[in-house]
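Chain letters run A, B, ... following the sequence lines, proteins first and then strands; every chain starts at 1. Everything numeric here is computed off the predicted structure, so don't read it as measured data.
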Amino acid sequence: MEQVLIYFYEHKEVIFIIALSIFLGIEVISNVPSVLHTPLMSGANAISGVIIIGGIILLGHADFSTFSLDIILGIFAVIFGTLNVIGGFVVTDRMLDMFKKKKKK
Amino acid sequence: MDKVLFVLENKEVLVGDVILEFSYLVAAILFVIGLKLMSHPESAKRGNFWAATGMGLAMITTLFLHRDGVTGANISLTNGIVIVAAIVFGGIIGTIIARRIKMTAMPQLVSFFNATGGAASALVALMEYSNPANESALVTLLGLVIGTIAFSGSMIAYGKLDGKVGDIFAKWTTYLNLFLLAVIVAIIVYMMAFDLDMAAKTNLSYVLLAVALIYGIMFVMPIGGADMPVVISLLNSLTGIAAAMAGFIYSNQAMILGGIFVGSAGAILTLLMCKAMNRSLINVIIGAFGGGGVGVDKDQGTVKEITLTDAAVLLAYSQKVAIVPGYGLAVAQAQFAANDLVQLLESKGVEVKFAIHPVAGRMPGHMNVLLAEADVPYTKLVEMDSINPDMPNIDVTIVIGANDVVNPAALDDPSSPIYGMPIILAHESKNIIVMKRGMGKGYAGIENFLFFNDKTRMLFGNAKDTLQKLVSEVKEL
């Protein structure tokens, strides 16, 4: 029990962010017309590619003097993260293009 | 950048550190604004742009300004070059895939990109676990497990949507999954409870990775058909949570906010999809569908076919027509033919609307994207709840490749597995034309009494061919 309390206190800022982000997510997504469910999901998917930051940090401070598995995995993490981010945003943009086109008609 | 601003808890805080943190704040705000803008058709494109800008900003500042927590060193030139090379490589591949892919393959693609995000999270967690400076062991392990499940689950979902992987459903999958989940929990508890040496920790983290991989596969394997929208948004949510876990390791607010934000948005979307089917999430995951012989005690009656010419006449002289699209429309890629028919009918003064069920298709909003591709204005797409009260006034309802979402058993047959699921009230319209490949059952594996209704006429055949023939018939009138 004591450990839990300590953990909470030490990470209180992060826990605040998490709690508020949950409500923020709910708030932003509710009342979205079903027309936009797919692009919204795809856009959210691209945002979850924020893991790329972790990949950059990891690979950025990896020791390149010796060749290790960590470097290979780190490179893959960055490549995968970028695929998620760039692919995700580009494909969302393409989807939304289709919605926009007909507006002029 | 390198100017020491002040000293906090024996650590020098540089101007660059402040700029970095500030850029994360800006990125997080841009994510929220971006997603908010994306909830409106007019502003959606801008929203996507702003979210992407936030991401680009965070990536660039991290690359230039991030300092190692222990040594305080910036990312060196060599490492930087490797990172940029990896980003350029991933970026080019991602752009090519995203640009070249056919719009009909959209659900697969979204799953694939989700898988890459999950994989990245799992890799980051895997490597951070053996980093002695990392104090959040439990969060790291959870990130590893969740990211891995999101990866392997999304890959299976990708395979299924692409038609490469079939459904496996048997009672044993449920037990196997519970067992695998128990193993995952047991390994995590063991790793947390005992003070293991580095080698044992590393080995166990690989074991955990392997079990989570299998779990992800087995978790999605039995889920199929109409449940795909639920599972896709659930996996999307998991990727977000995994990214947030990694953010926790680095105390990186942008990652935490972005990840949790996506996680909770995905969770809500998942629940919305469940609600649209009147099923609980547990029910979807365990998979209560899958064809027992239910509700065959009723007198089925006979199905009546209609010729193309008769159908063309019926449609051309109607005032109001509703089209209910389903997955069959996507499979047959009949969206363009459907739009041709709509335009032709409208030129003859017929009012045509599409009635969209929330879980029609294989991902949330699938029908909307599909029809948008064929240039159907989104104002013509009417949601279930809005069109249902008007259904008795509809002269002809055309059901194209949809089944369970128009099955009246959901309303009046308590023994039916889909009883209670909201449906589009096609049976209330004056006439119904059902386009179907054959008399096969829908995903839920149950008879659809709509097909035996006195007002219903069947048009068998491939939806695209049938629609094209129908268009030429209507033209000749």
Side-chain angles (χ1 to χ4, degrees), chain A residues 14 17-18 21-22 24-26 28-30 32 34-45 47-62 64 70 73 75-93 95-96 98-102 105, chain B residues 31 35-36 38-39 41 44-45 48 51-52 55 58 62-63 66 68 75 78-79 83 86-87 89-91 94-95 97-98 109-110 113-114 116-117 119-121 123-124 127 233 236 239-240 243 246 250 255-258 260-262 264-265 268 358 364-365 368-369 372-373 375 377-378 383:
Chain A
V14 169
I17 293 175
I18 291 176
S21 311
I22 292 172
L24 203 58
I26 295 171
V28 168
I29 242 58
S30 341
V32 171
S34 62
V35 184
L36 286 171
H37 277 164
T38 299
L40 196 79
M41 195 177 69
S42 174
N45 185 5
I47 293 177
S48 69
V50 71
I51 184 66
I52 180 74
I53 306 294
I56 293 174
I57 293 174
L58 197 80
L59 196 56
H61 302 293
F64 272 58
D70 272 13
L73 294 181
I75 290 173
F76 272 107
V78 174
I79 292 176
F80 284 147
T82 321
L83 264 175
N84 191 195
V85 169
I86 298 192
F89 282 125
V90 170
V91 86
T92 311
D93 191 64
M95 276 182 213
L96 292 169
M98 301 188 311
F99 287 100
K100 226 179 169 184
K101 241 185 329 191
K102 312 138 302 166
K105 272 194 187 171
Chain B
F31 292 163
L35 218 52
K36 184 71 199 164
M38 281 180 74
S39 55
K45 223 172 130 68
N48 190 49
M55 191 68 74
T62 306
L63 192 57
H66 190 272
D68 191 89
I75 293 174
T78 328
N79 293 36
I83 293 169
I87 291 175
F89 180 74
T95 312
I97 299 175
L109 191 67
V110 172
F113 285 140
N114 196 44
T116 59
S121 296
L123 288 174
V124 168
M127 285 177 288
S233 56
N236 207 12
T239 316
Y250 299 115
M255 285 172 76
I256 296 173
L257 185 130
I260 293 290
F261 185 49
V262 171
S264 88
I268 283 297
N368 303 90
V369 190
E373 189 195 3
D375 279 350
Y378 62 81
E383 290 184 33

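- For the options G43(A), G55(A), G87(A), A62(A), heavy-atom pairs under 4.5 Å to chain B are most numerous at G87(A).
- Residue I79(A) touches chain B through both its backbone and its side chain, counting heavy-atom pairs closer than 4.5 Å.
- The candidate with the highest count of non-hydrogen atom pairs below 4.5 Å against chain A, out of P358(B), A246(B), A44(B), is A44(B).
- The part of Y250(B) that comes within reach of chain A is its side chain, from C-beta onward, which places non-hydrogen atoms under 4.5 angstrom from that chain.
- Contact count against chain A (heavy-atom pairs under 4.5 Å) is highest for T116(B) among T116(B), T239(B), I75(B).
- Of the listed residues (I26(A), I86(A), I56(A)), the greatest number of heavy-atom pairs within a distance under 4.5 Å of chain B belongs to I56(A).
- Residue with the most contacts toward chain B among I51(A), I29(A), L58(A), L59(A): I51(A) (heavy-atom pairs, distance under 4.5 Å).
- In this structure, V91(A) and S42(A) approach most closely via the heavy-atom pair CG1-OG, 3.5 Å.
- Of the two parts of L109(B), only the side chain, counted from C-beta on, holds a non-hydrogen atom closer than 4.5 Å to a non-hydrogen atom of chain A.
- Heavy-atom distances place the side chain of I52(A), and not its backbone, under 4.5 Å from chain B.
- Looking at F89(A) and N48(B), their side chains come closer than 4.5 Å, going by heavy atoms from C-beta outward.
- Between chain A and the residues G258(B), A86(B), A243(B), the most heavy-atom pairs under 4.5 angstrom are made by A86(B).
- Closest non-hydrogen pair, G49(A) versus V85(A), comes out as O-CG2, 3.2 Å.
- Interface summary for chain A: among A119(B), G91(B), G240(B), the most heavy-atom pairs under 4.5 angstrom belong to G91(B).
- The CG atom of N79(B) lies 13.0 Å from the CD1 atom of I57(A); values are rounded to the nearest 0.5 Å.
- Using a 4.5 Å cut-off between heavy atoms, F31(B) touches chain A through backbone and side chain atoms alike.
- Contact count against chain A (heavy-atom pairs under 4.5 Å) is highest for H66(B) among H66(B), K36(B), E383(B).
- A distance of 6.0 Å separates CD1 in I47(A) from CZ in F261(B), rounded to the nearest 0.5 Å.
- S264(B) and S21(A) get closest at one heavy-atom pair: OG-O, 3.7 Å.
- Take A77(A) and apply the side chain to side chain contact (heavy atoms under 4.5 Å, CB included) test, not counting sequence neighbours, and it matches L123(B), V124(B).
- Across F113(B) and G94(B), no two heavy atoms sit closer than the pair CZ-O, 4.0 Å.
- Looking at residues two or more places apart in sequence or on another chain, you find a side chain to side chain contact (heavy atoms under 4.5 Å, CB included) between V32(A) and L36(A), H37(A), L40(A), S39(B).
- I17(A) touches chain B through its side chain: at least one heavy atom from C-beta onward sits under 4.5 Å away, while N, CA, C and O do not.
- Closest heavy-atom contact between M41(A) and V110(B): CE-CG1, 3.8 Å.
- Taking L73(A), T92(A), I75(A) one by one and counting their heavy-atom pairs under 4.5 Å with chain B, the maximum is reached by L73(A).
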